[in-house]
Each structure stands twice: as structure tokens, then as C-alpha cells.
Amino acid sequence: MLKLKFPILSVFVVSSLILIACSDVTTKSGESTAVSSHTIQHVEESKSTTPVIDRNYDFTYLEELTEEKRKLYEEFLNNGNITSLKPFTPEEMVLIMMNLIFENNFDKLYVITYNNNELPDKQTFIAEYIDYLLDEDIQNYLMYRYYDRISLDKDSSTESIAIVHLEIIFGSAHYRKIYPILKEDGMWKVDLYNYMKEKKAKSEK
């Protein structure tokens with residue numbers, strides 16, 4: 001039995017830059033930012049202090065989905081069949097990932113994770129996700145739940161790798177996270193496991 005320890009969901013963010021270099025992507029500012037084709041990335045850019053967000057309404061990352069795609073998402077939740085998500089874009093898969101994190105739905109998070117014949121069994125995946133990535137993803141959820149823009153970096157994306165930017169802007173402060181979304185079996189999946197492996201390796205040093 002897994003014992004979950006969740007942090008209090010107060011609004012706070014991580015001010016550090018977490019970056020793993022594999023290949024280069026040029027940001028709007030002209031700076032070179034490293035983005036892995038196999039590792040989920042978290043990139044933050046800021047020119048001022050971190051904002052405190054306090055908005056009182058029930059939020060979901062799925063607010064901008066069409067009614068048809070919300071039904072497909074509910075179908076996926078009910079039957080666990082990822083083919084229900086085949087029509088979803090890379091940007092929409094990022095939003096689904098964030099919503100599953102909010103719902104603590106690790107079973108379905110496992111289903112939408114890029115496999116590449118490397119994923120462990122579901123129980124092991126969930127245990128390692130809770131140990132190495134959950135706290136950070138909760139912070140990301142809180143930070144970006146009122147995002148201003150989610151977009152595909154068309155210059156850096158390919159037919160099998162989509163680079164998705166999730167951004168919020170507060171005055172002169174600009175915060176961005178970059179997510180590589182990988183195509184597998186004709187649909188887009190999130191690349192959680194490779195990032196988890198890297199975090200696990202660092203923690204064991």
C-alpha cells in the first residue's frame with residue numbers, strides 16, 4: 001500500500017531553473033535553451049519577483065477544451081482506453097497531464113506517459129512518481145493554473161516530437177515551461193518517465 005504525502009496546496013512556486021541539456025531551442029529572447037527530445041523540461045524566465053496568485057473559483061485545466069473533447073476525456077477516465085485521446089493535440093495533452101496531476105489520478109497519468117518499451121509496471125511507476133516528481137508537479141500545477149498562453153513551438157517541433165510552451169505573464173515577469181510531447185502509436189504522450197529517471201539518479205548520488 002502506497003502512503004501518499006502531499007504538500008499543503010498553498011500557492012507557491014519554485015524559483016530555481018531546472019534544465020537538462022540535450023539539444024538547443026532558441027527562445028523569443030534569442031537565448032539558447034536546452035530541450036531534450038526524451039526528457040520533460042521545466043524552464044522559468046523571470047524579470048521580477050515571483051507572483052502570488054489568489055483567484056477564488058473552481059479551476060480545471062480543461063476549460064478551453066471543446067465539449068466533444070471533454071466527453072472524450074471523460075470516456076478515457078471511465079474506460080482507461082487511451083485511444084479516446086487520439087484526436088488531442090500536443091497542447092491539449094499537456095493540459096490533460098496537468099489536470100490528472102491535480103486530480104492525483106496516477107493510474108491515468110501512467111497510461112498517457114510515453115512508453116518506448118521502457119516503462120516499469122504501473123505500481124513501480126506510481127511509487128517512483130510520488131517519490132521523485134509529485135511535489136514538483138504540484139508546484140507546477142499551482143504556478144501555471146492561470147496560464148496566459150499555451151502554444152506549439154513550430155520551429156522546434158517535428159512529426160514525432162512536439163515542443164509545447166506553457167506561459168504566464170505578470171507585468172514585466174514572464175514565466176515559461178517547456179514540455180516535449182512525443183508521438184507513440186499514432187497519438188501524443190507526455191514524457192514523464194525519463195525525467196523521473198534523471199531525478200532519481202541525481203537523488204542517489
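We number each residue from 1, following the sequence as shown.
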So, the side chain of D153 versus the backbone of S156: is there a donor-acceptor pair under 3.5 Å, distance only?
yes

Value for CG (L152) from NE2 (H165), rounded to nearest 0.5 Å, stands at 8.5 Å

Note: P87 and T83 closest approach over all heavy atoms is CD-O, 4.4 Å

E136 side chain vs L133 backbone, donor-acceptor pair below 3.5 Å
no

Donor-acceptor check, side chain of Y61 to backbone of Y141, threshold 3.5 angstrom: yes or no?
yes

Heavy-atom closest pair (I82 atom, I112 atom, distance to 0.1 Å) is CD1-CA, 3.9 Å

Using modelled atom types only, decide if a donor and an acceptor are shared between the side chain of N140 and the backbone of M143 within a distance under 3.5 Å.
no

Within the side chain of S157, is there an N or O that forms a donor-acceptor pair under 3.5 Å with the backbone of I163?
yes

Cluster question for you: counting only ILVMFWY and a side-chain heavy-atom cut-off of under 4.5 Å, with indirect links fine, are M97 and Y132 together?
no

Can E128 and K197 be said to form a salt bridge (Lys or Arg N to Asp or Glu O under 4.0 Å), step by step?
CA-CA 9 Å; E128 292 185 350; K197 287 195 300 184; over 6 Å; no

Pair E75 + K71, salt bridge at N-O below 4.0 Å:
no

From K177 NZ over to I150 CD1, what is the distance, rounded to the nearest 0.5 angstrom?
13.0 Å

Is R70 reaching over with its side chain to a backbone N or O of L62, donor-acceptor style, under 3.5 angstrom?
yes

What class does the angle between the rings of Y193 and F125 fall in, given that below 30° is parallel, 30 to 60° is tilted and above 60° is perpendicular?
tilted

Determine, using the 4.5 Å side-chain heavy-atom cutoff (strictly less than), whether L119 and I126 are members of one ILVMFWY cluster.
yes

For the residue pair Y144 and Y175, is the inter-centroid distance of their aromatic rings smaller than 6.0 Å?
no

Kindly check if the number of other-residue, nucleotide or ligand heavy atoms within 6.0 Å of CD (E159) is above 12?
no

For a quick check under 3.5 Å, do D121 and T124 share a side-chain donor-acceptor pair by atom type?
yes

May I ask you to decide if L95's main-chain N or O and N99's side chain share a donor-acceptor pair within less than 3.5 Å?
no

Flag the pair Y129 / F106 as yes when their ring centroid distance falls below 6.0 Å, and as no otherwise.
yes

Side chain E167, main chain D148, donor-acceptor under 3.5 Å:
no

Mark yes or no: K69 above the aromatic ring of F88, with NZ or CZ under 6.0 Å from the six-membered ring centre and no more than 45 degrees from the axis.
yes

